[in-house]
Colleague: 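Take a look at the following structure, please.
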Amino acid sequence: MTAISNEMEYFQMFIDQLSEAVVVVDNNERILAVNHHYLNLTDQAAFETGKSVDEVLLRHSDGEEGTLLAENGFISVKVSEGSLPFIESSTRYYILKELPAVVHSCQEPLMKTLMNIVPDFIGIKDGDGRFVFANEFVGELFELPGFDFTGKTDADLAEITPDFHDVFQYCIETDEQVWQAKEIVRCEEFVPARDGSTRFFDVYKIPVFHPDGARKNLLVFGREVTEKIESRQLLEESEARYRLLAENAMDMITTHKADGSFTYISPASYALLGKRPEEILGDTGYNMLHPDDEEVSRKAHEDLIASPCTKTVPFRLQHKDGHYVWLETSCKSITDDTGKVVEIIGVTRDISDRKKSEDMLRQSDKLSIVGQLAASVAHEIRNPLTSLKGFVQFLQESQGIDPSNYYSIMDKELNRIDQIMGQLLLLAKPQVRTYKKTCLNEIVEFVEILLQPEALRQNVQIKKEMTEDLLWIHAEENELKQVLINLLKNAIDSMVNGGEIVIRGEQIDENIHVSVKDQGCGIPADRIQKMCEPFYTTKEKGTGLGLMISSKIMKEHNGKLHFTSIEGKGTTVSMILPV
């Protein structure tokens, strides 16, 4: 023993002369000696032997570098190790060479100051769960300001601060789970406050092992996320309330991906379509769409995903039993932080009753027009009837006259009556709404023939200036006839002293314009904006429904009515329709 002590004494004198820090340890990694440079590096006057090397040196995974825990902070060092051949074979040494790029900042209290000012939990524990380091935030969190956590375990702290007993017990359990997992674990931990509230932390726990697999250090980093958790809880509560509303709403509430596929459908789908949400989820719904409504629906969807906007679209979807249901959906685009549309939210309701009411109004408007034209039509029919009656009397009273000479004239008059009556009945008869390829020239010609008797009766001439190759459009033919009849009838009624009406059709850019220009009394500027309001009329016997219905029909065709007028000179109303 004396020889060994002498060797160690000589070795101590030797290592004190070295310019690098030296630490000598036994086979249990307990420190036997350190040199003067180690004491200078760590700002210690003396060193108490017997400590574990892991209490002062945190070695990195590669073993060649580490962090020396000094009095005033942390020092990054390069680690070299070896054994002492002249003492016991189990005695080893570490040479710690400070890394210049980091030493300066470590020797100053900057690193420690930095770790103490951050509002985060920072702690380092050894393999036995004892704290090697804890920043000031840890002391404030557990109401132990200025307390030295070094060497204390979570079990010790649970006894020191009984109010946080459950918290430290939970930490013991999660620490063990991390050691068992042998990988970085992210978990959520909470700390109760005296006021009854709870502080939540997003915690990373990083296990560090010795080369032989033994536990070395556990690094713990925690950031407070109380506001985030509370916001998440409020959001979940809000979502639960809105989901409750959606689940019990009469309207069908839906969400869609950018491609149109359903991601959520409220239970109202069963009442509207006879289908449960799970029968439609993941689909786009186009397979249920009425063929005539597909184009307008796809166009609305393209607009919604092109940029943030809101769209309201009426359409028909096929019920599970086969019939079609009129629905109206109001959709809004939802964007992410980059402005890209990522979701569409829709609220859909059944408008079948409203559509029936609108159809009744339109039919009422048609019958009103038929009634107003009755006198003119009667007059127009009376003329050929008078001729027919005269021919019949003439043939009855005359002898020896060949009646075949008059058959062609009588047949022409009968055809004239049949044409007038056919057009009038076609207008009055309820029609199935069908969107199809329609020629505007044919619509204009039909309306001109129908209203010609009324125009002649009021000394009004109708002229057409239609482009021969006017493009065809996808439309409901009878509804456009109804719009044009309303416009032409209004023009005739405005010209009490007769005059001329010009119907002009032309394509301007991507739209077709069919305008009706009269020489009537004109419309005051302050009334033009009200022309399409329900029950607003300037006529003594008007219903105030004609232009309102016409405007709605145009909107359903993605078009509009445009009014220009000069009092005393006339009015021009244009039907503007997309090609």
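Side chains are part of it too, since the values below use all heavy atoms of this structure and drop only hydrogens, waters and symmetry mates. What you are looking at is a predicted structure, and each value in this text was computed from that prediction instead of being measured. Counting begins at 1 with the first residue of the sequence.
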Colleague: Quick check for you: to the nearest 0.5 Å, what is the distance between T42 atom OG1 and N40 atom CG?
Modeller: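 One finds 8.0 Å between OG1 of T42 and CG of N40.
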Colleague: Ignoring hydrogens, what is the shortest heavy-atom contact between L577 and M554? Give both atom names and the distance.
Modeller: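 Looking at all heavy atoms of both residues, the shortest contact is CD2-CE, 3.6 Å.
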Colleague: What distance do D26 atom CG and N28 atom CG have between them, rounded to the nearest 0.5 Å?
Modeller: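 It is 5.0 Å, given to the nearest 0.5 Å.
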Colleague: Can a donor-acceptor pair be found, under 3.5 Å and without considering hydrogens, that links the side chain of T329 to the backbone of G346?
Modeller: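 Flag not set: sc T329 to bb G346 has no pair under 3.5 Å.
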Colleague: Identify the heavy atoms of V138 and I122 that sit nearest to each other, and give their distance.
Modeller: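 Reported closest heavy-atom pair: CG2-O, 3.8 Å.
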Colleague: Tell me if the centroids of the rings in F168 and F142 come within less than 6.0 Å of each other.
Modeller: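 Yes; F142 has its ring centre under 6.0 Å from that of F168.
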Colleague: Quick one: does D166's side chain have a donor or acceptor within less than 3.5 Å of a partner on Q169's backbone?
Modeller: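 Checking the backbone N and O of Q169 against the side chain of D166, no donor-acceptor pair under 3.5 Å is found.
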Colleague: Is it the case that atom CD1 in I184 sees more than 12 heavy atoms from other parts of the structure closer than 6.0 Å?
Modeller: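 Counting neighbours around CD1 of I184, 12 or fewer heavy atoms of other residues, nucleotides or ligands fall under 6.0 Å, so no.
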Colleague: Can you find a heavy atom in the side chain of T150 that is under 4.5 Å from one in the side chain of F131?
Modeller: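 No, side chains not in contact.
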Colleague: Begin from the C-alpha positions of T161 and E143 and carry the test side-chain hydrogen bond (donor to acceptor under 3.5 Å, both in side chains) through to its verdict.
Modeller: CA-CA 8 Å; T161 56; E143 300 179 0; over 6 Å; no
Colleague: Flag the pair R215 and E176 as a salt bridge only when some basic side-chain nitrogen lies within less than 4.0 angstrom of an acidic carboxylate oxygen.
Modeller: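 Yes.
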Colleague: Should the ring pair F147 and F149 be called parallel, tilted or perpendicular, given that the plane angle runs from 0 to 90° and is split at 30 and 60?
Modeller: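 Because their plane-to-plane angle is over 60°, the rings of F147 and F149 count as perpendicular.
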Colleague: Looking at F201 versus F190, is the centre-to-centre ring distance below 6.0 Å?
Modeller: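 Here the rings of F190 and F201 have centres that are no less than 6.0 Å from each other.
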Colleague: Just so I know, are the side chains of H474 and E295 near enough to count as touching, which here means a heavy-atom distance under 4.5 Å?
Modeller: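 H474 reaches E295 side chain to side chain.
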Colleague: Would you mind checking if K78 and E98 are paired as a salt bridge, meaning a charged N to carboxylate O distance below 4.0 Å?
Modeller: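 The answer is no: the pair does not qualify as a salt bridge.
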Colleague: Within a strict 4.5 Å, meaning less than it, do heavy atoms of the T174 and K205 side chains meet?
Modeller: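 Yes, their side chains come closer than 4.5 Å.
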Colleague: Decide if the gap between the ring center of W179 and the ring center of F209 is smaller than 6.0 angstrom.
Modeller: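 Under 6.0 Å, so yes.
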Colleague: Taking 4.0 angstrom as the limit, do E294 and R298 come out as a salt bridge?
Modeller: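 Looking at E294 and R298, the cut-off is met.
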Colleague: Taking C-beta and beyond as the side chain, do N558 and V296 meet within less than 4.5 Å on heavy atoms?
Modeller: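 Sidechains of V296 and N558: in contact.
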Colleague: Is it true that, when you exclude E510 itself, more than 12 heavy atoms of the residues, nucleotides or ligands shown sit nearer than 6.0 Å to its CD?
Modeller: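 It does not: E510 CD has 12 such atoms or fewer within range.
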Colleague: Considering all heavy atoms of both residues, which atom of D126 and which atom of N217 are nearest to each other, and what is their separation?
Modeller: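 Closest pair (atom of D126, atom of N217, distance): CA-ND2, 3.8 Å.
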Colleague: Assess whether a salt bridge exists between K152 and E159, defined as any Lys/Arg side-chain N lying under 4.0 Å from an Asp/Glu carboxylate O.
Modeller: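 Result for this pair is no, no salt bridge flagged.
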Colleague: Does the side chain of M288 come within less than 4.5 Å of R316's, by heavy atoms?
Modeller: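 Heavy-atom side-chain distance check fails, nothing below 4.5 Å.
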Colleague: Not counting sequence neighbours, which residues clear salt bridge (charged side-chain N to carboxylate O under 4.0 Å, His left out) with E20? List them please.
Modeller: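 Expected list: none.
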Colleague: Distance-only, no hydrogens or angles: does the S269 side chain make a donor-acceptor pair with backbone N or O of K275 under 3.5 Å?
Modeller: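 Pair found, side chain donor or acceptor close to backbone of K275.
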Colleague: I'd like to check T310 versus C331 (side-chain heavy atoms, cut-off strictly below 4.5 Å). Are they in contact?
Modeller: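 Not touching, per the 4.5 Å side-chain cut-off.
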Colleague: Where the side chain of T67 meets the backbone of I75, is there a donor-acceptor pair that is under 3.5 Å apart?
Modeller: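 Checked: no pair found.
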Colleague: So does Y286 have more than 12 non-hydrogen atoms from other groups sitting under 6.0 Å from OH?
Modeller: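 Yes - once you tally the heavy atoms of other residues, nucleotides and ligands closer than 6.0 Å, there are more than 12.
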Colleague: Can you confirm whether D212 is buried at CG, in the sense that more than 12 heavy atoms of other residues, nucleotides or ligands lie under 6.0 Å from that atom?
Modeller: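 Atom CG in D212 is crowded, with more than 12 foreign heavy atoms closer than 6.0 Å.
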Colleague: Given side-chain hydrogen bond (donor to acceptor under 3.5 Å, both in side chains), test T284 with S261 step by step and report yes or no.
Modeller: CA-CA 4 Å; T284 61; S261 58; over 6 Å; no
Colleague: Can you tell me if N287 has over 12 outside heavy atoms packed within less than 6.0 Å of its CG?
Modeller: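 It does: N287 CG has more than 12 such atoms within range.
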Colleague: Write down the atom of A46, the atom of L39, and the distance for their closest heavy-atom approach.
Modeller: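 In this case the closest contact between A46 and L39 is C-CD2, 3.8 Å.
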Colleague: Would you confirm whether the ring centroid of F262 sits within less than 6.0 angstrom of the ring centroid of Y264?
Modeller: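 For Y264 and F262, the ring centres are not under 6.0 Å apart.
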Colleague: Testing the 3.5 Å rule here: is there a donor-acceptor pair between the side chains of D321 and H319?
Modeller: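 D321 vs H319: donor-acceptor pair found between side chains.
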Colleague: R223: what forms a side chain to side chain donor-acceptor pair (under 3.5 Å) with it, not counting sequence neighbours?
Modeller: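 Here the qualifying residues are D120.
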Colleague: Does H37 use its side chain to pair, donor to acceptor, with the backbone of S19 at less than 3.5 Å?
Modeller: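 Answer holds: yes.
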Colleague: Is the closest basic N to carboxylate O distance between K257 and E343 below 4.0 Å?
Modeller: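 Salt bridge flag = no for E343 with K257.
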Colleague: For H210, I'd like to know if atom NE2 has over 12 heavy atoms of other residues, nucleotides or ligands within 6.0 Å.
Modeller: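 Yes.
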Colleague: Once rounded to the nearest 0.5 Å, what's the spacing between atom CG of L157 and atom CZ of F164?
Modeller: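 So the gap between those two atoms works out to 11.0 Å.
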Colleague: Might you point out which heavy atoms bring D251 and S266 nearest each other, and give the distance in Å?
Modeller: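 That closest heavy-atom pairing would be O-OG, 3.7 Å.
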Colleague: How long is the straight-line distance from SG of C171 back to CG of D154, given to the nearest 0.5 Å?
Modeller: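 So the gap between those two atoms works out to 5.0 Å.
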Colleague: Say whether, by atom type as modelled, one donor and one acceptor occur between the side chain of H557 and the main chain of I553 under 3.5 angstrom.
Modeller: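 Flag set: sc H557 to bb I553 pair under 3.5 Å.
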Colleague: How long is the gap from CD1 on I280 to CD1 on I265, to the nearest 0.5 Å?
Modeller: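 Rounded to the nearest 0.5 Å, the CD1-CD1 separation comes to 4.5 Å.
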Colleague: Would you confirm whether H36, through its side chain, and A21, through its main-chain N or O, come within 3.5 Å as a donor-acceptor pair?
Modeller: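 Checked: no pair found.
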Colleague: Around atom CD of E48, are there more than 12 heavy atoms of other residues, nucleotides or ligands at under 6.0 Å?
Modeller: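 No - once you tally the heavy atoms of other residues, nucleotides and ligands closer than 6.0 Å, there are 12 at most.
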Colleague: Do the non-hydrogen side-chain atoms of F47 and Y38 ever get within less than 4.5 Å of each other?
Modeller: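 Heavy-atom side-chain distance check passes, below 4.5 Å.
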Colleague: Do R276 and Y270 meet the cation-pi criteria used here (NZ or CZ under 6.0 Å from the six-membered ring centre, within 45° of the axis)?
Modeller: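 R276 over Y270 ring: yes.
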Colleague: Of all the heavy-atom pairs spanning V22 and I95, show the shortest one and how long it is.
Modeller: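 For V22 and I95, the tightest heavy-atom pair comes out as CG2-CG1, 4.4 Å.
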Colleague: So L273 and L327, do their side chains get closer than 4.5 Å, heavy atoms only?
Modeller: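 A side-chain contact exists here, since the closest heavy-atom pair is under 4.5 Å.
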Colleague: Output yes when D128 and R130 qualify as a salt bridge under the 4.0 Å nitrogen-oxygen rule, no when they do not.
Modeller: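 Yes, D128 and R130 are salt-bridged.
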Colleague: Any salt bridge linking K216 with D54? Criterion: basic side-chain nitrogen under 4.0 Å from a carboxylate oxygen.
Modeller: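 Judged by the 4.0 Å cut-off on N to carboxylate O distance, K216 and D54 do not form a salt bridge.
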Colleague: Can you measure from CG (L304) to NE2 (H256) and round to the nearest 0.5 angstrom?
Modeller: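 The NE2 atom of H256 is 9.0 Å from CG of L304, to the nearest 0.5 Å.
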